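Remember, it's a predicted structure, so these values are computed and weren't measured experimentally. Here is how names work: the chains are called A, B, and so on, in the same order as the sequence lines, proteins then strands, and each is numbered from 1.
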Number of protein chains: 2
Amino acid sequence: MSATILLVDDHSVVREGYRSVLEKQPGLRVIAEAGDGAEAYRLFKSEAPDLVIMDLSMPGIGGIEAVRRIRQWDKAAKILVFTMHENAGFAVQAIRAGARGYVTKTSPPETLVRAVMDVLAGKIAISPDIDHELALSRLAGESSAADVLTPREFEVLRLLLAENTTEEIAETLHVSPKTVANLHSLIKDKLGVGSDIELVRLALRQGILTDADLGEA
Amino acid sequence: MSATILLVDDHSVVREGYRSVLEKQPGLRVIAEAGDGAEAYRLFKSEAPDLVIMDLSMPGIGGIEAVRRIRQWDKAAKILVFTMHENAGFAVQAIRAGARGYVTKTSPPETLVRAVMDVLAGKIAISPDIDHELALSRLAGESSAADVLTPREFEVLRLLLAENTTEEIAETLHVSPKTVANLHSLIKDKLGVGSDIELVRLALRQGILTDADLGEA
DNA sequence: ACCAAAGCCGGGAAAATTTCACGACGTTGC
DNA sequence: GCAACGTCGTGAAATTTTCCCGGCTTTGGT
């Protein structure tokens, strides 16, 4: 009896690639495909696959959020994130959201297959490059924003990256613009960056701001 | 006699996908694969394929640069860019660099096949979503940085996005910090953004700063 | 050759922002 | 109770951003 798999990726040609690699393996069967997070959630509920292979950057609700929802629906769901992002920050977020594995698309097919088997066997699978990244970021001691910032500070950071002016943020947060400016300054201090530009770059590296967010502005 | 194709993408599983879709078409034959720009250039010279299908975001020299080099070697080279980036900015850059087509990975396989045929027939192929984006950005009148900025201003912008302080830039450019500050201000004005954060976001949208640049800092 | 337009470089001063020091208040945990 | 911490805000100094200016060189048209 073979394991059933749900593929989630917004690039149809890429799904074709997964399929071709996975179906060469005996004991694996792709039973459904989804092109975005919402569809993935629906299909998971109706098809109850043994494993979900999920991309992160997708239109609508992203992969992280999809992972969260699926895990909420089924605490035992096995989800393997397979994405182009080689950022340790994304991996941390994905695992915290409930993923059981994280493999980058640059990995050779064997690594993906291996990870699929590991996750099906109940193990946690992380591809070697991310292992290495995580180790490095540990050594470098780069402050991982989500950790070092207080909830309020993190909120302000998110708004700074998304919204525009200090005033607007003060408005939506119902505090004085002065406070926002103070927080803004404190955040840059805590994160060890000197300019707003560095701030945005750090946020991108850590996956606080994703490429997908860029369209709206 | 079938047309020969060189596939370039750093994700091996994705190449698998191209292959599977393309080889269903009679008259197409994938004769080589490359995982980065440099390898693509080498293989183009040795294999002389009829068509190159190229991803943009790759380690080492990126896709745009690879396009430029290949076209320099062979003015008649037919290159079709196939990428995840749905930014009109990237498309503009790619076409200017000498690509004959631009298709996003979200497009259905038929669109890719169609574009391949069109480019082989000597036409320029742009996928519908990018057509639409281009139209929109025209209507919105968003200043396309590369156009509205003078060479010097563009240089400063690049340094602002990459380096750090005003002083450092003044240093490497051999001008006074004051000038850099003035240009910085002028750039934001010309581009119609209010804050540095908006500036970075616009740069990302237009492909001036790519995700790949983020690792170095 | 001349002029106009545009790019490049920076000074100076006003305006805005960032930063720092400080205090108040509520919560949490020992 | 009290120390530690997060949150919010003020005020004043330091810095940056912005605006306005003039001089300089290059380019292109007449």
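- Using a cut-off of 4.0 Å between Lys/Arg side-chain N and Asp/Glu carboxylate O, Glu65(A) and Arg68(A) are scored as salt-bridged.
- Residues Leu199(B) and Ile187(B) are in side-chain contact: their nearest non-hydrogen atoms beyond the backbone lie under 4.5 Å apart.
- In this structure, Tyr102(B) has no ring-ring contact (aromatic ring centres under 6.0 Å, His included) partners at least two apart in sequence or on a different chain.
- Residue side chain Asn182(A) reaches the base of dT10(D) through a donor-acceptor N/O pair under 3.5 Å, judged by distance alone.
- Using a 4.5 Å heavy-atom cutoff, the side chains of Leu80(A) and Leu112(A) are in contact.
- For the pair Lys188(B) NZ and dT17(D) C1', the interatomic distance rounds to 7 Å; values are reported in whole Å.
- Where DNA chain D pairs in unbroken runs of 3 or more (Watson-Crick or G-U, both distances under 3.5 Å), the stems are C:1-30 with D:1-30.
- For His184(A) and dG9(D), the NE2 to C1' distance is 18 Å, given to the nearest whole Å.
- Atom CD1 in Ile187(A) sits about 13 Å away from atom C1' in dT7(D), given to the nearest Å.
- dT7(D) atom P lies 8 Å from atom CG of Leu183(A), rounded to whole Å.
- Between Glu198(A) and Arg201(A) there is no salt bridge, since none of the side-chain N atoms of the basic residue sits less than 4.0 Å from a carboxylate O of the acidic one.
- In this structure the side chain of Pro49(A) never reaches within 4.5 angstrom of the side chain of Ile5(A), judged on heavy atoms.
- Within a 6.0 Å radius of CD in Glu168(B), more than 12 heavy atoms belonging to other residues, nucleotides or ligands are found.
- Under a 3.5 Å cut-off, the side chain of Lys78(A) and the backbone N or O of Leu120(A) do form a donor-acceptor pair.
- A salt bridge links Lys188(B) with Asp196(B): the closest approach of a Lys/Arg side-chain nitrogen to an acidic carboxylate oxygen falls below 4.0 angstrom.
- Of the residues in residues 165-178 of chain B, those with a non-hydrogen atom less than 4.0 angstrom from any atom of DNA chain C are Val175(B), Ser176(B), Lys178(B).
- For the salt bridge (Lys or Arg N to Asp or Glu O under 4.0 Å) condition, the pairs that include at least one residue of residues 111-120 of chain A, sequence neighbours left out, are Arg114(A)-Asp118(A), Asp118(A)-Lys123(A).
- Nucleotide dT18(D) holds its P atom 11 Å from the CG atom of Leu199(B), rounded to whole Å.
- Mapping heavy-atom proximity under 4.0 Å, the span of DNA chain C touched by chain A runs 5' to 3' from dT19(C) to dC20(C).
- Screening residues 37-47 of chain B for salt bridge (Lys or Arg N to Asp or Glu O under 4.0 Å), with sequence neighbours left out, gives no hits.
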